[in-house]
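Report on one structure; see the data block that follows.
FYI, side chains are in, hydrogens and waters are out, and symmetry mates aren't considered; it's all heavy atoms of this structure. Order of the sequence lines sets the chain letters (A, B, ...), proteins ahead of strands, with each chain counted from 1.
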Amino acid sequence: MAEPSKQEKTAVVDDGIDVGVSRLTEEKIQSVINSVIDNETGVRLKTYVETCIHCGLCSEACHYYLSHDKDPHYSPVGKVKQTIWEMIRKKGRVSPEFIRQAAIIAHTQCNLCKRCAQYCPFGIDIAYMMSIVRRIIHRLGVTPLYIQDTAHSHSVTMNQMWVKGDEWPDTLQWQEEEAQAEIPDLRIPLEKEGADIMYSVIAPEPKFQAQLLYQAAVIMHVAGVDWTMPASVGWDNSDMAMYTGDNEIMGRIKRAHFETAERLKVKKIVMGECGHAFRSVYDMGNRWLGWSMPPFTIVHAIEFYYDLIKAGRIQIARKFKPPVTLHDPCNVVRGAGLGEKARYVAHALCETVIEMYPNREHNYCCCAGGGVINTGPPFKMARVEGNRVKAEQLFETKTKGAEVLIAPCHNCHSGLEDIVHHYEIGLEIKFFSDIIYEVMEKPA
Amino acid sequence: MHSFYNFVSGPLAWIAFLLFIGGSIFRIGRMLVLVAQKEPFIFTYMSWRYSFRSILHWIVPFATVNWRRQPVLTVVTFAFHLCLLAVPVFLLAHAVLWEDSFGIRWWSLPDTLADTLTVIVILGAVFFLVRRITRPEVRFVTSASDYVILAIVSAPFITGFLAYHQWFAYPLMMGLHVLAGDIMLAAIPFTRLSHMIFSPFTRAYMGSEFGKVRHARDW
Ligand code: SF4
Ligand code: SF4
Ligand code: SF4
């Protein structure tokens, strides 16, 4: 019925997908698809598929669709049609080539950002259906190589970046010593039982961005927070297994995280500026483990800074001068309503805040999220070209005077970096903690 | 001709009502059973307040971002759906039938108004048809069944319009009109017209997730 209007051939080479597909047989595909659909899905999938009226009203929600000149292959419902609808209609009898395309669509053409759920009149959850496709892809062993590697790392080391057992406390000690050059009595308290707060981060922090640990320690110290970090596994709150559909590993690492907080007898978990980790701890991992809401109070960095500033526990020496704009990460704004708190923090720290449009829960995703950036170099251009609208949105904000882009989410940060670079937008990207560290009053 | 009319408006109409009501109850019941069996957590997240907050925004024209982005479609779709519901229930000729068959009396629409509303439904259906064919994002996801349900929905209105104006063989039209109405009614629970039954539930669930867990607006 529906003819392709702008078919685009994807000529990407990904060893995870290619080798995986080469091992598939039609029987295996059929049995896996039917097993996932029969045993792991229920009324949601069925109702979504049967209720969707094929109206296309979700299309303009999606940055991929808008960025590809409205090519229907990239509309939310278009992606569902090319994947799960076919799988259901053919009762799993699809070809290995079909699975290859489904892997590319589900893993690199959807960020699971759920913006489309705000545009579909029926609230059909396309992101959920894409996660089912990823689950099928996972069980068929066709997950893209790079993100599969991070899932392996979670499985082996309980962190995302193959950080070895001693590397973690070593890094903390190193950052503590660095920070002591600035504030001699600063400590990064390890394994402090009964502290108010367990601070958890994602593994890329100790691996590549140790200065973020430094900054966090300074903020904690100045604000006089009773905090601690675990010395062994459970310190990493990230979760790429959630995005590969490897729910079993998602469950293991979330359990380790919660149990570590339990072991340390803390009151709450505060996490760094990361979106997907928040989703995993607050929304996905806890559900897999059987908690309707997380067993601990989970405080995202944005909310934590909001509380500290509001209570006057950190004072601003002089506000940040260059005009800033704020990117609302979907996982904490559409995912947890932290938009207003983020604005409070931005206004408290900076002289001028220029809004980008759309914003808050209607903001466009960075296109890195949902594990897309973790599919690595083979798909870098897919997400940069897939988010031209983001570039336009940022460029428009820049013409209004913005010089700095605050992105309080790790993935957004890296993804926006690539977009700003590729489209030559010329915005400097910062975390909130970069700015807090710069403008706060510190002991002389 | 008379016996044809008697058949479609008699036994067949009963069957259609039975299929519509029975089918709807069955499908909702089946949905609830499936929730209880496989995804009982859904009940945990449901909230009356956030369900209605979401439904309310979506049943009011221009109350959501997407309705405002699509002004023409919004006007058409609301007019279409409203008339689609109002005409069969409140048309004077139907009101008489309601009273004769079930002894239910209610307010009815003057014939000329009902006639206009019928034309709105027909024009709305034409709009949807053209949209389906011309808009690439709609056409890409269109299947034959989408045209079939559009035909099922517009048939009672087209035949009703022709019968009312007595442009063609009146008795035949009348019979066809009732037959088309029977088909539409019976088709609701068993085709994608079931969005009439299910959309409040899907909307309520998404509204609850957004309100209770995500603390964000889903409109
Ligand atoms: S990227 Fe976001 S808007 Fe696009 S289909 Fe996926 S969840 Fe929907
Ligand atoms: S998902 Fe919703 S908006 Fe998209 S085509 Fe289906 S019914 Fe329409
Ligand atoms: S990376 Fe950031 S914007 Fe992108 S999906 Fe995550 S939270 Fe959303």
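There is no contact between B:Phe201 and chain A, counting heavy-atom distances below 4.5 Å. For B:Ser199, the parts lying under 4.5 angstrom from a heavy atom of chain A are both the backbone and the side chain. Only the side chain of B:Glu209 has a heavy atom closer than 4.5 Å to any heavy atom of chain A. Contacts between B:Leu32 and chain A at a heavy-atom distance below 4.5 Å are absent for every atom of the residue. Neither the backbone nor the side chain of A:Val80 comes within contact range of chain B, judged by heavy atoms closer than 4.5 Å. Heavy atoms of B:Phe128 lying under 4.5 Å from chain A are absent altogether. Of the two parts of B:Ile42, only the side chain, counted from C-beta on, holds a non-hydrogen atom closer than 4.5 Å to a non-hydrogen atom of chain A. With a threshold of 4.5 angstrom between heavy atoms, A:Glu361 approaches chain B through side-chain atoms but not through N, CA, C or O. Heavy atoms of B:Trp58 lying under 4.5 Å from chain A belong exclusively to its side chain. In this structure, chain B has no heavy atom under 4.5 Å from any part of A:Phe278. In this structure, chain A has heavy atoms under 4.5 Å from both the backbone and the side chain of B:Thr202. Interface remark: A:Arg44 contributes backbone and side-chain atoms alike to the contact with chain B (heavy atom separation under 4.5 Å).
The distance from atom SG of A:Cys52 to atom NE2 of B:His195, rounded to the nearest 0.5 Å, is 10.5 Å. Note: A:Trp85 CH2 to B:Ser143 OG = 7.0 Å, rounded to the nearest 0.5 Å.
Contacts from residues 66-74 of chain B to chain A, taken as heavy-atom pairs separated by less than 4.5 Å, involve B:Asn66, B:Trp67, B:Arg69, B:Gln70, B:Leu73 in sequence order.
Under the 3.5 Å distance criterion, the side-chain polar atoms of A:His362 are matched with a main-chain donor or acceptor of B:Trp219. Listed for the B:Tyr45 side chain is a donor-acceptor partner under 3.5 Å among the backbone atoms of A:Ser292. With hydrogens and angles ignored, the 3.5 Å screen pairs no side-chain donor or acceptor of A:Arg334 with any backbone N or O of B:Ala216. In this structure a side-chain-to-backbone donor-acceptor pair under 3.5 Å is present from A:His54 to B:Val141. Side chain of B:Lys38 to main chain of A:Asn39: no donor-acceptor pair is present (N/O by atom type, distance under 3.5 Å, no hydrogens or angles).
Contacts with chain B were tallied for A:Ser75, A:Gly42, A:Ser59, A:Pro121; A:Pro121 has the most, counting heavy-atom pairs under 4.5 Å. Most heavy-atom pairs under 4.5 Å with chain A, from the set B:Thr191, B:Ile197, B:Thr64, B:Val138: that is B:Val138. If you tally non-hydrogen atom pairs under 4.5 Å between each of A:Pro358, A:Gly123, A:Cys58 and chain B, the highest count goes to A:Gly123. Between chain A and the options B:Leu193, B:Asp146, B:Thr44, heavy-atom pairs under 4.5 Å are most frequent for B:Asp146. Per-residue counts of heavy-atom pairs under 4.5 Å with chain B were compared for A:Gly337, A:Gly335, A:Gly56; the largest is that of A:Gly335. Here A:Glu60 is the residue among A:Met293, A:Glu40, A:Arg115, A:Glu60 with the most heavy-atom pairs under 4.5 Å with chain B.
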Decide side-chain contact (heavy atoms from CB on, under 4.5 Å) for B:Arg30 and A:Val43; before the verdict, give the C-alpha distance in whole Å, the side-chain angles of both, and the deciding distance to 0.1 Å.
CA-CA 9 Å; B:Arg30 172 127 187 80; A:Val43 75; over 6 Å; no
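Listed here is the closest heavy atom pair of B:Met31 and A:Thr47: CG-OG1, 4.4 Å. Across A:Lys46 and B:Leu34, no two heavy atoms sit closer than the pair CD-CD1, 3.7 Å. The two atoms that bring A:Cys120 and B:Arg203 nearest to each other are O-NH1, 2.6 Å, heavy atoms only.
Residues A:Ile53 and B:Ile149 form a side-chain contact, since some pair of their non-hydrogen atoms from C-beta on lies under 4.5 Å apart. Counting only heavy atoms from C-beta outward, the side chains of A:Lys81 and B:Thr142 never approach each other to under 4.5 Å. Using a 4.5 Å heavy-atom threshold, the side chains of A:Glu340 and B:His215 count as separate. Between B:Val65 and A:Gln118 the shortest side-chain heavy-atom distance does not fall below 4.5 Å. With contacts defined as side-chain heavy-atom distances shorter than 4.5 Å, the pair B:Met206/A:Asp125 qualifies.
Between A:Asp283 and B:Arg214 a salt bridge is recorded (basic side-chain N to carboxylate O distance below 4.0 Å). Between A:Lys70 and B:Glu137, none of the side-chain N atoms (NZ, or NE/NH1/NH2) sits under 4.0 Å from a carboxylate O, so this pair counts as no salt bridge.
Remark: B:Phe52 CZ is loosely packed, at most 12 non-hydrogen atoms of other residues, nucleotides or ligands lying under 6.0 Å away. More than 12 heavy atoms of other residues, nucleotides or ligands shown are found within 6.0 angstrom of CZ on B:Arg27. Counting non-hydrogen atoms of neighbouring residues, nucleotides and ligands closer than 6.0 angstrom, the CH2 atom of B:Trp106 exceeds 12 such neighbours.
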